[in-house]
Amino acid sequence: MADSKREIERKYEATTETRLPDLSRVAGVSAVVHRGVSELDAVYYDTEDLRLVADSLTLRRRTGGSDAGWHLKFPVASGIRDELREPLSDTLPRSFAGLLRSRVRDRGLVPVVRLVSARDVHHLLDADGALLAEVSVDRVQAERLTGGDGTAAWTEIEAELADDGDPAFLDAVERRLRKAGVRPSASPSKLARALAETAPEPSRSPAARARRTTAGDHVLAYIRHQAEAIVALDPAVRRDLPDSVHQMRVATRRLRSALRTYRKILDRSVTDPVGDELKWLAAELGIERDQEVLDARLRALLDGLPRTLVLGPVRGRLRIWSAARRSGSRRRTVAVLDGKRYLALLESLDALLAGPPLLPAASRAPGRALPRAVLKEYRRLAARVGHALELPPGHDRDVALHEARKAAKRARYAAESARPALGGPAKRFAKRMKAVQSLLGDHQDSVVAREALRALAVQAHAAGEPAFTWGLLYGREEAAAAADERELPEVWERASREGLRTALGG
């Protein structure tokens with residue numbers, strides 16, 4: 001696995017005559033140590049259509065300095081990036097190829113820009129001699145390698161926070177620089193500036209005529225946002241970052257839900273096959289996530305019991321059971337992302353957005369077409385809730401409530417997707433649908449937990465262990481589910497008030 005570093009830095013405009021002010025006067029700085037000048041030679045890689053740059057990713061191979069090698073940077077926030085490093089080699093490291101696969105796919109990576117920099121480095125140290133930040137004056141020569149042959153040169157100041165430093169320290173450094181007349185750079189990175197300043201002159205084209213925003217425009221913007229989220233989360237899943245699998249699964253489900261909700265706007269003969277593949281991807285991502293949720297619920301149940309009610313090797317059996325079910329799940333997830341089927345899905349999403357199969361309703365105003373789609377999802381939910389409440393407690397009602405939960409999620413997603421066009425009513429409607437979804441989701445989690453507890457009790461009994469604790473937890477889950485069912489009519493009454501539906505357009 002590549003080395004990882006959180007990079008927090010700021011860039012400032014400078015000239016060849018610029019000199020750093022006395023940074024020892026910055027609060028907290030006891031000494032400024034000049035570390036000399038180093039020569040850095042970096043080649044930046046991207047696809048020919050600059051897919052990495054479009055997503056603010058940076059891939060370079062650099063020689064010179066203390067960190068020569070391959071560097072891959074992912075944006076986190078303004079001025080903050082996660083930098084991954086691999087040793088210097090002639091070819092792209094395999095780990096980087098995997099992290100870039102969702103964006104690069106079958107396109108080749110080519111050198112796009114070469115930057116040669118003379119870096120004059122100064123270290124800002126505290127009273128104990130610990131590094132607070134590195135401030136450098138970089139004199140840069142840029143050469144375009146793909147898409148032109150332009151060159152550029154500039155000087156900039158860069159202030160990078162030391163590992164685990166307080167970002168507020170860079171505010172103090174900036175105040176000192178600004179007092180000396182130095183101003184923040186207009187460009188977010190050297191690569192962005194190099195591409196801008198070496199780009200060929202753009203050809204003139206007629207100005208696009210302004211037109212009203214349609215329902216189709218709105219739906220496509222939402223679909224594009226979710227598709228981009230899937231691609232952006234791919235590297236995070238591969239790096240096993242917290243909550244990344246869950247977030248990628250949510251984006252997948254939101255996208256599939258939108259394709260189903262807006263069947264009057266997008267031709268389902270085109271979108272249904274894409275939706276089927278999104279359902280497959282969500283299911284694959286759910287294997288690991290669902291087990292995590294179940295494990296957490298069972299541990300919380302167990303932690304809530306007095307020690308006198310925990311009979312036998314309960315915790316050990318739970319650990320073994322969980323480990324057996326989760327064995328290989330992470331490898332499976334990465335294998336899915338490396339598979340041809342997943343890449344084909346990404347390509348199909350690109351194709352759908354490039355040539356959307358719009359139906360006549362897509363040309364309507366969002367305020368007319370979108371509420372109809374949202375309220376259709378609401379009516380489906382209402383029918384399922386009504387059916388579930390008519391059934392007696394038991395397996396059939398559990399199944400019906402699970403179907404209602406899925407309908408509640410679709411109604412919520414539909415309202416959330418329409419919110420940019422419909423505003424407050426859609427926001428409030430989504431909030432109420434979420435309340436229904438949350439209650440039904442807790443009920444379904446209880447159903448799943450009871451199935452697991454029964455299986456654990458059977459295993460314990462077969463091994464000659466007491467099954468008392470598992471039965472006790474089963475009973476508590478049964479009571480929790482019954483409480484959810486009693487609460488549902490009241491939650492549903494609040495969610496289905498006529499006034500809000502009328503405000504939405506129903």
Do the two ring centres, one from Y44 and one from W70, sit under 6.0 Å apart?
-> no
For the side chain of R105 and the backbone of S102, is there at least one donor-acceptor N/O pair under 3.5 Å apart?
-> yes
Is there a side-chain contact between D166 and L132 (heavy atoms, below 4.5 Å)?
-> no
Quick one: do E83 and R60 make a salt bridge, cutoff under 4.0 Å?
-> yes
Run the numbers on R289 and D243 for side-chain contact (heavy atoms from CB on, under 4.5 Å), then give the verdict.
-> CA-CA 9 Å; R289 172 63 182 174; D243 206 37; 4.2 Å; yes
Can E403 and K406 be counted as an ion pair, charged N to O under 4.0 angstrom?
-> yes
Mind running side-chain contact (heavy atoms from CB on, under 4.5 Å) on F96 and L84 for me, showing each step along the way?
-> CA-CA 9 Å; F96 284 7; L84 308 183; 3.9 Å; yes
Drop me the distance from Q247's CD to I230's CD1, to the nearest 0.5 angstrom.
-> 12.0 Å
Pairing of D82 and R239 as salt bridge, 4.0 angstrom limit | yes
Between R85 and H71, is any side-chain donor less than 3.5 angstrom from a side-chain acceptor?
-> no
Going from CG on L309 to CZ on R307, what distance comes out if it is rounded to the nearest 0.5 angstrom?
-> 12.0 Å
Can a salt bridge be assigned to the pair R101 and D234 using a cut-off of 4.0 Å between side-chain N and carboxylate O?
-> no
Heavy-atom side-chain proximity of L52 to Y45 below 4.5 angstrom = no
Run the salt-bridge test on R254 and E416 with the 4.0 Å N-O cut-off and return the result as yes or no.
-> yes
Paired with S269, the side chain to side chain donor-acceptor pair (under 3.5 Å) test is passed by just one of D267, D272, T271, namely D267
Which residue pairs satisfy the side chain to side chain donor-acceptor pair (under 3.5 Å) criterion with at least one member in residues 296-306, sequence neighbours excluded?
-> R297-D442, R297-E477, D303-R315
Can you find a pair of side-chain heavy atoms, one from L285 and one from T252, that are under 4.5 Å apart?
-> yes
The salt bridge (Lys or Arg N to Asp or Glu O under 4.0 Å) partner of E160 among K5, R81, K11, R10 is K5
Ignoring hydrogens and geometry, is there a side-chain-to-backbone donor-acceptor pair from S417 to A414 under 3.5 Å?
-> yes
Heavy atoms of H443 and A481 approach each other most closely as CD2-O, 3.4 Å
Candidate pair E292 and H246, rule side-chain contact (heavy atoms from CB on, under 4.5 Å), full reasoning | CA-CA 10 Å; E292 288 177 357; H246 172 59; over 6 Å; no
Ionic contact status for R107 with E48, cut-off 4.0 Å = no
Heavy atoms of F429 and A411 approach each other most closely as CE2-O, 4.3 Å
Could you go through the salt bridge (Lys or Arg N to Asp or Glu O under 4.0 Å) check for D106 and K340 one step at a time?
-> CA-CA 11 Å; D106 60 354; K340 293 181 179 179; over 6 Å; no
Hey, are S95 and E86 close enough side-chain-wise for a donor-acceptor pair under 3.5 Å?
-> yes
Rounded to the nearest 0.5 Å, the CG atom of L278 sits from the OG atom of S348 at a distance of 7.0 Å
For A408 and L381, which heavy atoms make the closest approach, and how far apart are they?
-> N-CD1, 3.6 Å
For Y342 and L337, which heavy atoms make the closest approach, and how far apart are they?
-> CD2-O, 3.1 Å
Kindly indicate whether the side chain of L305, heavy atoms from C-beta on, has any atom under 4.5 Å from the side chain of L473.
-> yes
Quick check: does any side chain N or O of T214 sit under 3.5 Å from a backbone N or O of A365, one acting as donor and the other as acceptor?
-> no
Does CZ in R341 sit with more than 12 non-hydrogen atoms of other residues, nucleotides or ligands closer than 6.0 Å?
-> yes
Step-by-step salt bridge (Lys or Arg N to Asp or Glu O under 4.0 Å) determination, E451 to R454 | CA-CA 5 Å; E451 293 173 355; R454 184 182 183 280; over 6 Å; no
Separation between CD (E228) and CG (L255), nearest 0.5 Å, reads 11.0 Å
For the side chain of T469 and the backbone of L311, is there at least one donor-acceptor N/O pair under 3.5 Å apart?
-> yes
Side chains of R405 and Q444: do they bring a donor and an acceptor to under 3.5 Å?
-> no
Which value, rounded to the nearest 0.5 Å, describes the distance between R412 atom CZ and K434 atom NZ?
-> 5.0 Å
May I ask you to test the L359-K264 pair for a side-chain heavy-atom distance under 4.5 Å?
-> no
Would a 4.5 Å heavy-atom cut-off, applied to side chains only, mark V104 and R51 as touching?
-> no
Closest non-hydrogen atom pair between A232 and R103, with its separation = CA-NH2, 3.2 Å
Is any NZ, NE, NH1 or NH2 atom of the basic residue among D445 and R450 found under 4.0 Å from an Asp or Glu carboxylate oxygen of the other?
-> no
Donor-acceptor contact below 3.5 Å, side chain R6 vs main chain D164 = no
Passes side-chain contact (heavy atoms from CB on, under 4.5 Å), L259 versus L266? Steps please.
-> CA-CA 7 Å; L259 295 180; L266 296 172; 4.2 Å; yes
Side-chain heavy-atom pair L100, L57 within 4.5 angstrom cut-off = yes
Taking all non-hydrogen atoms of both residues, which atom of A421 and which atom of P366 are closest, and how far apart?
-> CB-CB, 3.8 Å
Dump the intermediate steps for salt bridge (Lys or Arg N to Asp or Glu O under 4.0 Å) on D338 and R238, then the final yes or no.
-> CA-CA 10 Å; D338 281 339; R238 294 174 185 271; 2.7 Å; yes
Just how far is it from atom CD of Q226 to atom OG of S257, taken to the nearest 0.5 Å?
-> 10.0 Å
Output yes when a side-chain donor or acceptor of S322 lies under 3.5 Å from a complementary backbone atom of R319, and no otherwise.
-> no
Any V53 side-chain heavy atom under 4.5 Å of L191 side chain | yes
